Number of protein chains: 4
Amino acid sequence: MPVSSAEPRRGGPRKRDLVLQTVVDELTVTPYAQLTVERIAEASGVHKTTLYRWWSGKPQLVADALAALMDTGPVPDTGSTRSDLVQWLTGTVRNYAETPLGVAMPALISDLARTPEGLGAFRGAFLAERRANCAAVIERGVARGDLPDHLDVDLFMDTLAGAVFYRQVVTGGLVDADLAERVVDLLLPPAGGARE
Amino acid sequence: MPVSSAEPRRGGPRKRDLVLQTVVDELTVTPYAQLTVERIAEASGVHKTTLYRWWSGKPQLVADALAALMDTGPVPDTGSTRSDLVQWLTGTVRNYAETPLGVAMPALISDLARTPEGLGAFRGAFLAERRANCAAVIERGVARGDLPDHLDVDLFMDTLAGAVFYRQVVTGGLVDADLAERVVDLLLPPAGGARE
Amino acid sequence: MPVSSAEPRRGGPRKRDLVLQTVVDELTVTPYAQLTVERIAEASGVHKTTLYRWWSGKPQLVADALAALMDTGPVPDTGSTRSDLVQWLTGTVRNYAETPLGVAMPALISDLARTPEGLGAFRGAFLAERRANCAAVIERGVARGDLPDHLDVDLFMDTLAGAVFYRQVVTGGLVDADLAERVVDLLLPPAGGARE
Amino acid sequence: MPVSSAEPRRGGPRKRDLVLQTVVDELTVTPYAQLTVERIAEASGVHKTTLYRWWSGKPQLVADALAALMDTGPVPDTGSTRSDLVQWLTGTVRNYAETPLGVAMPALISDLARTPEGLGAFRGAFLAERRANCAAVIERGVARGDLPDHLDVDLFMDTLAGAVFYRQVVTGGLVDADLAERVVDLLLPPAGGARE
DNA sequence: CCGTAAACGAGACGGTACGTCCAGTCTTATT
DNA sequence: AATAAGACTGGACGTACCGTCTCGTTTACGG
């Protein structure tokens, strides 16, 4: 886990936190595409050579910086599958809306995807933990009988997250606080819903 | 529809079709990120200057070329809301799976998004017509009573398309023929589904 | 002799005078280097293709236009060698100072000099007649005994004209009305001059 | 004097001498107009980007390269004003005849003259020192009584140099070893000359 | 408290592609 | 026959940023 701020002494980048903070700061001002390694170097006062010593390029720098901002927190069992899912998805919404990740995401993915390891790293850093937490929620739901037995868990998660992601990236629709609830409503109709 | 090969004399790019075809060909061989305008020029035998006369850069070239491949076809009324939705989403799946769009999409979006008009153009070229068709399907469904009255149509479409898109772009999950059906099942449970 | 304005009808450029006038006008506004064939076309309303039909390029266009402005007039015999020379050189000074030739000259020469014919054409258009006139003056001076017998006529002319040209082009010194007289004074000291 | 090869470490272009030498070499083979920055890059093995880092373009490159070849040497007092002047002008002749400067000059000037600083730089690099030396010679001559009291020194120098320059650039006359002497003879008639 | 090795600063460089400017040529109307 | 219209090839420009290299210089730990 590269996100540590403790004791970088002896062996390892001494300027790590400084650099990553600069990246985040710059991203709030400059879109990802305009951001350059040279600019990060200048803004942070850390020499370009040093950046390349520890990161292989801009996408890695940004990924590293943004990953540290992500809320991946485990979702407590509230007793209600709906609430759990809403809470989880609210984390996703916040990650997009309250950090530079939302706007930077498509470019970041496309950059990372140039190399096979890149995408893997991205998934590891941004997705793995969150998805594991969501899977846990879903399984609780299945166990309770709130969700069907042979639910395709992966697809279910893709649909939840995809709705938010697609808005953010493709259609440009509003991504706000109650989006999470409305998406969950589509997949898990509220009791006494309109469909029966 | 800008893709016509009749009478290119007098006004307008004479090499248009040749160029766009080359772009598609190159994209099947080279990932979007590696593709350069100079390479398109060389591969098509059309001089770089000429390309810049008619397109403002790589993203526009690619968008123009890919838009021509998209299936945006209207969805016939099969009598069943489920089938209509499945059929529509199958179009989306095919667009991703059978053209270079799937892999090129995130980078393309991120490039186009550098300018505000860019994103608008993208949505106009790739989304507007398809979404209008989908909205028609959904409204038929509401009229029939298959879908709830105050359904948020946009969000519903985002969720359908988002599931496929997210797979394609983020998780890298399989995007195949029956994905459409499985996604629709999540949103419109089959009669006698597991939830009752 | 390309400098004709009479009856270009039937076989020959119909827009000749219009074009050349435009070139002169543009040169008073735009330095030679910034002037382009396309600009001349636009400014004159004559299509680029037409320009290339009659002139082989910018330098030829400009040379043709400027040659028409040159004062090459023969120098009347005033009875005094000094006066004749001064009058002749005054023509040179005026050619530089009162037409765009002065500032355009070095660039024009350098462009024309790309091809061997180019320089020849330049000399034919701008130099030959004037130099012939000067040679006549000098020979009158030799006959009168005002100039030494075995004077190198060519070198003498080069020195006269060179002084003005060098000022104009290289040192950027003042080129004004009495320059001619001062140069002649150097080569043909006034009677009762300082040297005796 | 920027032409040093000692200690290029720390600050300043490391490939400077290599590049300038290449420019001179190329100029002996290719006329100035045909010379391109890209060609210099290729011929020298120094990348184009590097050239632009240190020079603002072709004219600056060439000026820098040629300036290093110029003979600007001070003229010793031979006791004779005539000899001093001849010796000085011989330097000019050699500069034109024995380096690529002669043929490149008009194009170089015209390129440099596009910007006001350009011409200033040219004069600083090629003229200032030589002219100062010449002025010294002339003043010695005036002091000795060989030259008139209120001689216009600048114009005198323009006439001397102009004769050679005009030959070289405009009329294309021969520029050879004894040209200097013949020009000086015109301005400073030999004792027992034809005019008395 | 001091030597040494890791980390950093400094600066030049090769390299890819960009997007642009003009030159000059071609084909096909039009007058 | 001359001109207009307009698309095209082509060469070079000057720029941006990338990622790498060679050095010298600081820093802080571990003996």
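Side-chain atoms are counted along with the backbone in the values below, which use heavy atoms only and exclude waters and symmetry mates. Here the structure is a predicted model, which means the values were calculated and not measured. Every chain is numbered from 1 and lettered A, B, ... according to where its sequence line falls, protein lines coming before strand lines.
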Practice task
Rounded off to whole Å, could you give me the CH2-to-P distance for the B:Trp55 and F:dA7 pair?
Solution key: 12 Å
Problem - Counterpart residues, side chain to side chain contact (heavy atoms under 4.5 Å, CB included), relative to B:Arg39 (two or more places apart) - result: B:Glu26, B:Thr30, B:Leu35, B:Thr36
Handout entry: Separation of F:dC18 P from A:Arg114 CZ (nearest whole Å)
Key = 11 Å
Handout entry: Qualifying residues under side chain to side chain contact (heavy atoms under 4.5 Å, CB included), relative to D:Leu18, sequence neighbours excluded
Key = D:Lys15, D:Thr22, D:Val46
Problem - Close residues, residues 104-112 of chain A, relative to DNA chain F [heavy-atom separation under 4.0 Å] - result: none
Completion exercise
Closest non-hydrogen atoms of B:Ala107 and A:Ser110, given as atom of the first, atom of the second and distance, are CA-CB, 3.3 Å
Problem - Partner residues of A:Glu42 under the side chain to side chain contact (heavy atoms under 4.5 Å, CB included) criterion, sequence neighbours left out - result: none
Practice task
Please report, rounded to the nearest Å, how far the P atom of E:dG24 is from the CG atom of C:Leu61.
Solution key: 10 Å
Exercise for the section: Among D:Leu66, D:Val23, D:Val62, find the one that has a side chain to side chain contact (heavy atoms under 4.5 Å, CB included) with D:Pro100. Expected result: D:Leu66
Handout entry: Between A:Asp25 and A:Gln21, a side-chain donor and acceptor under 3.5 Å
Key = yes
Practice task
Without swapping roles, check the side chain of C:Arg114 against the backbone of D:Ala33 for a donor-acceptor pair under 3.5 Å.
Solution key: no
Practice task
Would you indicate, yes or no, if F:dC8 has its OP1 or OP2 atom less than 4.0 angstrom from a side-chain nitrogen or oxygen of B:Trp54?
Solution key: yes
Exercise for the section: Give, ordered by number, those residues of residues 38-52 of chain A having at least one heavy-atom distance below 4.0 Å to an atom of DNA chain F; if nothing qualifies, reply none. Expected result: A:Glu38, A:Lys48, A:Thr49, A:Tyr52
Exercise for the section: Please report, rounded to the nearest Å, how far the P atom of E:dT28 is from the CZ atom of B:Arg14. Expected result: 8 Å
Handout entry: Flag side-chain contact, heavy atom, 4.5 Å: C:Arg14 against C:Trp54
Key = no
Practice task
Kindly write out the residues that satisfy ring pair (Phe, Tyr, Trp, His ring centres under 6.0 Å) with A:Tyr32, not counting sequence neighbours, or none if the list is empty.
Solution key: none
Fill in the blank from the handout: Rounded to whole Å, the NZ-C1' distance (A:Lys15 to E:dA10) equals 13 Å
Handout entry: Most 5' of B:Leu35 and D:Arg53 on DNA chain E, judged by nearest nucleotide
Key = D:Arg53
Handout entry: Whole-Å distance separating the CD atom of A:Gln60 from the P atom of F:dG19
Key = 9 Å
Practice task
Considering just the side-chain nitrogens and oxygens of B:Lys58, establish if one lies under 4.0 Å of OP1 or OP2 belonging to E:dG19.
Solution key: no
